[in-house]
**Student:** 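Below you will find the structure I want to go over with you.
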Protein chains: 2
Amino acid sequence: MLGAQKWKEGGVVARTRGITIRDVARKAGVSITAVSHALNGKGTLSEATREHIRTVADQMGYEADALARGLRRSTMGAVGLVLRSLDALGDYAPAGVDVFERFVGAAASQALARNLSLMLVPDLTRKPVPPLAFSLDGYIVTNPHVDDPVIALLEDRSIPYVAYGRPPGRPEFTHWVSEDDTASARQILGHLWAGGARDTVLVRGTDPNAWNLEHQEVYVSWCSERGVTPRLYELAEGAGVDGGVDLAGRIADDGVPDAVFCLTGRHAAGVQRGLMARGVRVPEDTMVVAGSDSEHARNSRPAISALELNPVESSAALLDVLQDLIAGRTPTSPRLTKARFRARASTRR
Amino acid sequence: MLGAQKWKEGGVVARTRGITIRDVARKAGVSITAVSHALNGKGTLSEATREHIRTVADQMGYEADALARGLRRSTMGAVGLVLRSLDALGDYAPAGVDVFERFVGAAASQALARNLSLMLVPDLTRKPVPPLAFSLDGYIVTNPHVDDPVIALLEDRSIPYVAYGRPPGRPEFTHWVSEDDTASARQILGHLWAGGARDTVLVRGTDPNAWNLEHQEVYVSWCSERGVTPRLYELAEGAGVDGGVDLAGRIADDGVPDAVFCLTGRHAAGVQRGLMARGVRVPEDTMVVAGSDSEHARNSRPAISALELNPVESSAALLDVLQDLIAGRTPTSPRLTKARFRARASTRR
DNA sequence: GTGAAAGCGCTAACAC
DNA sequence: GTGTTAGCGCTTTCAC
């Protein structure tokens, strides 16, 4: 391997340095400027030189060092992903929760398609700060909550960022992408209504993010439009299925409802199980719906109707907006993506 | 904010540069060398100067620029994660496959605990290579297969890496961590044998990784030790549940077995469903086991006995080994972690 | 005990 | 059109 060398430095095995721009310049018989310009499509070079340099570089397998380039250009080709919901949960691998992990997967492959690297960065405000955190070109922040310190930090440093789920209490901020929660919530509530439900319970999480807040808002308006009394329960996201089972007891004690709309799949699975354990029949006595699909919802018996989020389209939109922001262009945002409601046995009457 | 400035460069909004080592040096009335030494515990400085510099740096909120530091020291505080199984699948967010997603989550939180950032890198051998790919301190490669080109590339560049699941055909390579597949497989086969199974089928995937190869090996030896004829089926990982359903037909045609041991949860769920559709009773006629737990296994009816992998312990071990490697220490490896067998209704006789 | 200076690999003024 | 050169922020050698 040309130009490769290995060495030790203070006990740290340094990586093999690859081929440098200098190696290419020497081989191609030009200056390093020429190489830089040729490869970045800048400056004024004859097409012949350009082509020649490109060929040589290709042959040698030259890849520009991202660090050196970043140091100079202050743009890295890498963006960070902060999952605020998981930060809040304090658990980056909660059992049976696949929405976030699916989002990570989708975001990674969408980033790939744009030749961007995606870096998972844990809560930026906690010390010690991950070293690369402030060198990244921008951030995707999922489900920021009210007065989110991560967002405050990014703004303070003027690092571009986009939010998945609008940052609550920031009407002036537009760089967000979300599934159309309002439309989906109304679709679900309408579906339940059509199934005969007149007494529908909403179970939301405790995190003060747009997901929880907007759903609550829509639910309350929807109830008041129809003159029915809202029945709202809050259950910590971290409580999971077991929390749902417990909550089912409370709900039933308050009066068995016609339908329960849980914002998370785990809560829905737990509530359904808890209700059934008390002899409530699903869907005959009570219908159950989850606001976000998951294996829990799919594989409960009866299978729970749920909203299938759209991580692929959403992460694509987020990256588009973020790239515009990074490039100094004005992005078209906010953007709403379309989730898809999956009616299953739990609401089939 | 001290030393902060914003500027445009070729239409690109550059990130706000933070406080530099120079700012700290000026404020503390020392040279930049002194600052560097004080903050990194190197050189020979009086404890007084050291302390003074640390205080000033803290006050100013100085954070060393990871890029500049990396360029000089070539260690970044970030590691890459390559999921070879998903590369093979060509899908980074396959529905219902949660082993990898759980592993990503676990690896992320373990990395967090070590102040490392985690970058998801798809197949490194495919162009274009993500910019930071070759600047990372090291890699975790999950389920490398025989003659894996990603491993060849990392070795060529002498980038430290560890494997989750031993690289097949590389007996001399020891930097790997794995659940103890051999022990688990024997435990499962023993469990089935104890349940009366004398004709157990193994369904493995087609990817030539250690997971598939070692299980097959154990299965074949185990059969020969007991003088029973092995019945081995291969099914592409990507075939999922539906592939399992189809395969159930073939298996039944060849003779309904006493038990089926599928290496993936999706295959197990499919095979069970396919068998039951043909009137085979589970577990009465045939027991079904999955080699890796998943929501599919848990939520099938009857629930499928499965091996619960240990992504948290495994990723912790992987990062330990990788950090040793990066630091030039000799790691204790390979390391085996303990998976846990969950007996469920599908094998309860 | 301390600091000046070289240089990591790259980009972009600015000279030629 | 092409090349020389000055840094980006940091670590480290080596003079003082």
Side-chain angles (χ1 to χ4, degrees), chain A residues 3-5 7-12 14-26 28-53 57 60 62-77 131-132 134-135, chain B residues 3-5 7-12 14-26 28-53 57 60 62-77 131-132 134-135:
Chain A
Q5 50 181 322
W7 76 100
K8 281 196 174 222
E9 230 172 56
V12 175
R15 71 181 192 284
T16 298
R17 295 277 190 189
I19 298 137
T20 76
I21 196 170
R22 233 177 291 276
D23 300 327
V24 178
R26 199 173 314 132
V30 294
S31 74
I32 59 168
T33 312
V35 177
S36 175
H37 282 174
L39 266 32
N40 296 309
K42 306 234 166 135
T44 54
L45 287 180
S46 68
E47 194 45 51
T49 326
R50 249 196 177 81
E51 189 50 35
H52 172 227
I53 293 174
M60 302 177 75
Y62 169 73
E63 297 273 356
D65 184 299
L67 260 41
R69 173 175 277 177
L71 189 58
R72 201 71 192 96
R73 292 208 305 208
S74 57
T75 157
M76 291 296 297
L132 270 173
F134 299 129
S135 305
Chain B
Q5 50 178 325
W7 76 100
K8 282 194 173 224
E9 230 172 55
V12 175
R15 73 179 191 286
T16 298
R17 294 278 191 189
I19 299 137
T20 76
I21 196 171
R22 229 177 293 275
D23 299 327
V24 178
R26 199 172 314 131
V30 295
S31 74
I32 60 169
T33 311
V35 177
S36 176
H37 281 172
L39 265 32
N40 295 310
K42 307 235 164 132
T44 54
L45 286 180
S46 68
E47 195 44 53
T49 327
R50 247 195 178 81
E51 188 50 36
H52 172 226
I53 293 174
M60 302 177 75
Y62 169 72
E63 298 274 355
D65 184 297
L67 259 42
R69 172 174 277 177
L71 188 58
R72 203 71 188 95
R73 285 207 316 204
S74 55
T75 152
M76 293 297 296
L132 272 172
F134 297 129
S135 304

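Sequence lines set the chain letters: A, B, ... in the order given, protein chains first and strands last, and positions in each chain run from 1.
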**Student:** Of all residues at least two apart in sequence or in a different chain, which pass the side chain to side chain donor-acceptor pair (under 3.5 Å) check with B/T49?
**Tutor:**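 For B/T49, the residues satisfying side chain to side chain donor-acceptor pair (under 3.5 Å) (neighbours in sequence not counted) are B/S46.
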**Student:** What is the separation between atom CG on A/L67 and atom P on D/dC10, rounded to the nearest whole Å?
**Tutor:**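 Spelled out: CG on A/L67 to P on D/dC10 is 13 Å.
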**Student:** Give a yes/no answer on whether the side chain of B/Y62 brings an N or O atom under 4.0 Å of OP1 or OP2 in D/dC10.
**Tutor:**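 Looking at the OP1 and OP2 atoms of D/dC10, one of them is under 4.0 Å from a side-chain N or O of B/Y62.
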**Student:** Of the listed nucleotides (D/dG1, C/dG1, D/dC10), which one gets closest to any side-chain atom of B/S46?
**Tutor:**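 Selected nucleotide (nearest to the side chain): C/dG1.
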**Student:** The side chain of B/L45 is closest to which nucleotide in this list: C/dT2, C/dC8, D/dT11?
**Tutor:**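 Side chain of B/L45 sits closest to C/dT2.
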**Student:** Of all the nucleotides listed (C/dT11, C/dC10, D/dT2), which has the minimum atom distance to the side chain of A/N40?
**Tutor:**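 Of the candidates, C/dT11 comes closest.
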**Student:** Would you kindly give the CZ-to-C1' distance between B/R50 and C/dT2, to the nearest whole Å?
**Tutor:**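 Going from CZ in B/R50 over to C1' in C/dT2 covers 12 Å.
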**Student:** Name the nucleic acid region contacted by A/T44, choosing base, sugar-phosphate or nothing; use a 4.0 angstrom heavy-atom cut-off, strictly under.
**Tutor:**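 Contact class for A/T44: base.
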**Student:** How long is the span from the OG atom in A/S36 to the CG atom in A/L45, to the nearest 0.5 Å?
**Tutor:**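 A/S36 OG to A/L45 CG: 9.5 Å, rounded to 0.5 Å.
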**Student:** So, do B/D65 and B/T20 sit near enough that their side-chain heavy atoms are less than 4.5 Å apart?
**Tutor:**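 Side chain of B/D65 against side chain of B/T20, heavy atoms only: no contact under 4.5 Å found.
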**Student:** Give a yes/no answer on whether the side chain of B/K42 brings an N or O atom under 4.0 Å of OP1 or OP2 in D/dT11.
**Tutor:**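 Answer no for this pair, as no side-chain N or O of B/K42 is under 4.0 Å from OP1 or OP2.
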**Student:** Expressed in angstrom and rounded to an integer, what is the separation of B/M76 atom CE from D/dT11 atom C1'?
**Tutor:**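 In whole Å, D/dT11 C1' and B/M76 CE are 15 Å from each other.
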**Student:** Please list, for nucleotides 3-7 of chain D, all pairs of protein and nucleotide N/O atoms separated by less than 3.5 Å.
**Tutor:**
unit_1: D/dG3; atom_1: OP2; unit_2: A/S31; atom_2: N; d: 3.3
unit_1: D/dG3; atom_1: OP2; unit_2: A/S31; atom_2: OG; d: 3.4
unit_1: D/dT4; atom_1: O4; unit_2: A/T33; atom_2: OG1; d: 2.7
unit_1: D/dG7; atom_1: N2; unit_2: A/R72; atom_2: NE; d: 2.2

**Student:** Consider the side chain of A/L71, meaning its heavy atoms from C-beta on, and name the nucleotide among C/dT11, D/dG1, C/dG9 that approaches it most closely.
**Tutor:**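 Nearest to the side-chain atoms of A/L71, counting from C-beta on, is C/dG9.
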**Student:** What distance separates A/S135 OG from B/M76 CE, expressed to the nearest 0.5 Å?
**Tutor:**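 Interatomic distance, A/S135 OG to B/M76 CE, rounded to 0.5 Å: 6.5 Å.
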**Student:** Rounding to an integer number of Å, can you tell me how far A/D65 CG sits from D/dC10 P?
**Tutor:**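 About 17 Å, once rounded to whole Å.
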**Student:** Determine whether A/L132 and B/L67 make a side-chain contact, defined as any pair of heavy atoms from C-beta on separated by less than 4.5 Å.
**Tutor:**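 Yes, side chains in contact.
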**Student:** Between D/dC10 atom P and B/I53 atom CD1, what is the distance in whole Å?
**Tutor:**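 My rounded result for the distance is 14 Å.
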**Student:** What distance do A/L71 atom CG and B/R72 atom CZ have between them, rounded to the nearest 0.5 Å?
**Tutor:**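 A/L71 CG to B/R72 CZ: 12.0 Å, rounded to 0.5 Å.
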**Student:** Could you tell me whether the side chain of A/V30 reaches within less than 4.5 Å of the side chain of A/H37, counting heavy atoms only?
**Tutor:**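 With C-beta onward as the side chain, the pair stays apart.
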**Student:** Calculate the interatomic distance between A/L39 atom CG and C/dT11 atom P; express it in whole Å.
**Tutor:**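 The distance from CG of A/L39 to P of C/dT11 comes to 8 Å, rounded to the nearest Å.
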**Student:** Starting at atom CD of B/E47, determine the distance to atom C1' of C/dT2, rounded to an integer number of angstrom.
**Tutor:**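 That distance rounds to 15 Å.
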**Student:** Roughly how many Å is it from CZ in B/R69 to P in D/dC8, rounded to a whole number?
**Tutor:**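 Interatomic distance, CZ of B/R69 to P of D/dC8: 18 Å.
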